[in-house]
Amino acid sequence: MKNVGGTDRAIRIITGIALLSLFIVLPGYWKLAGLIALPLLITGFAQKCGINKLLGRNTCRIR
């Protein structure tokens with residue numbers, strides 16, 4: 001069941017893309033900071049988040 005939608009999804013995807021650019025731009029071990037983007041992008045595109053499920057949150061509108 002989808003539990004990520006609307007504004008939450010857009011924020012995850014935009015933040016994920018911004019952090020992924022750090023992986024390309026930053027040198028050395030700082031590149032690892034860019035890998036934080038992967039869970040954000042995956043949950044944004046899949047519209048499913050395990051943490052939201054554990055907390056009982058649902059930002060996806062059901063039509």
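All residue numbers refer to positions in the sequence shown, counting from 1. Scope of the values below: all heavy atoms of this structure, side chains included, with no hydrogens, waters or symmetry mates. Bear in mind that the values here come from a model prediction, so they are computed numbers and not experimental data.
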Measure across Gly16 and Ala37 and return the closest heavy-atom pair with its distance rounded to 0.1 Å. O-CB, 3.0 Å
dist Phe23:CZ -> Ile36:CD1 (nearest 0.5 Å) comes out at 12.5 Å
Answer whether the closest heavy-atom distance between the side chains of Ile24 and Leu20 falls below 4.5 Å. no
Hey, could you give me each pair passing salt bridge (Lys or Arg N to Asp or Glu O under 4.0 Å) that has a residue in residues 5-21? Not counting sequence neighbours. Asp8-Arg12
Can you tell if the side chain of Thr59 reaches within under 4.5 Å of the side chain of Thr7, non-hydrogen atoms only? no
More than 12 heavy atoms from other groups under 6.0 Å of NZ on Lys53: no
Flag yes if more than 12 heavy atoms outside Leu55 fall under 6.0 Å of its CG atom; otherwise flag no. yes
Asn3 (side chain) donor-acceptor with Cys49 (main chain) under 3.5 angstrom: yes
Closest heavy-atom pair, Lys2 versus Lys48, reported as atoms and distance to 0.1 Å, is CA-CG, 4.3 Å
If hydrophobic clusters are built from ILVMFWY residues whose side chains come within less than 4.5 Å, do Leu19 and Ile17 share one? no
Are Phe45 and Ile51 connected into the same hydrophobic cluster when the rule is that any two of I, L, V, M, F, W, Y join if their side-chain heavy atoms are below 4.5 Å apart? no
Side-chain touch Leu40/Ile13, heavy atoms, less than 4.5 angstrom: no
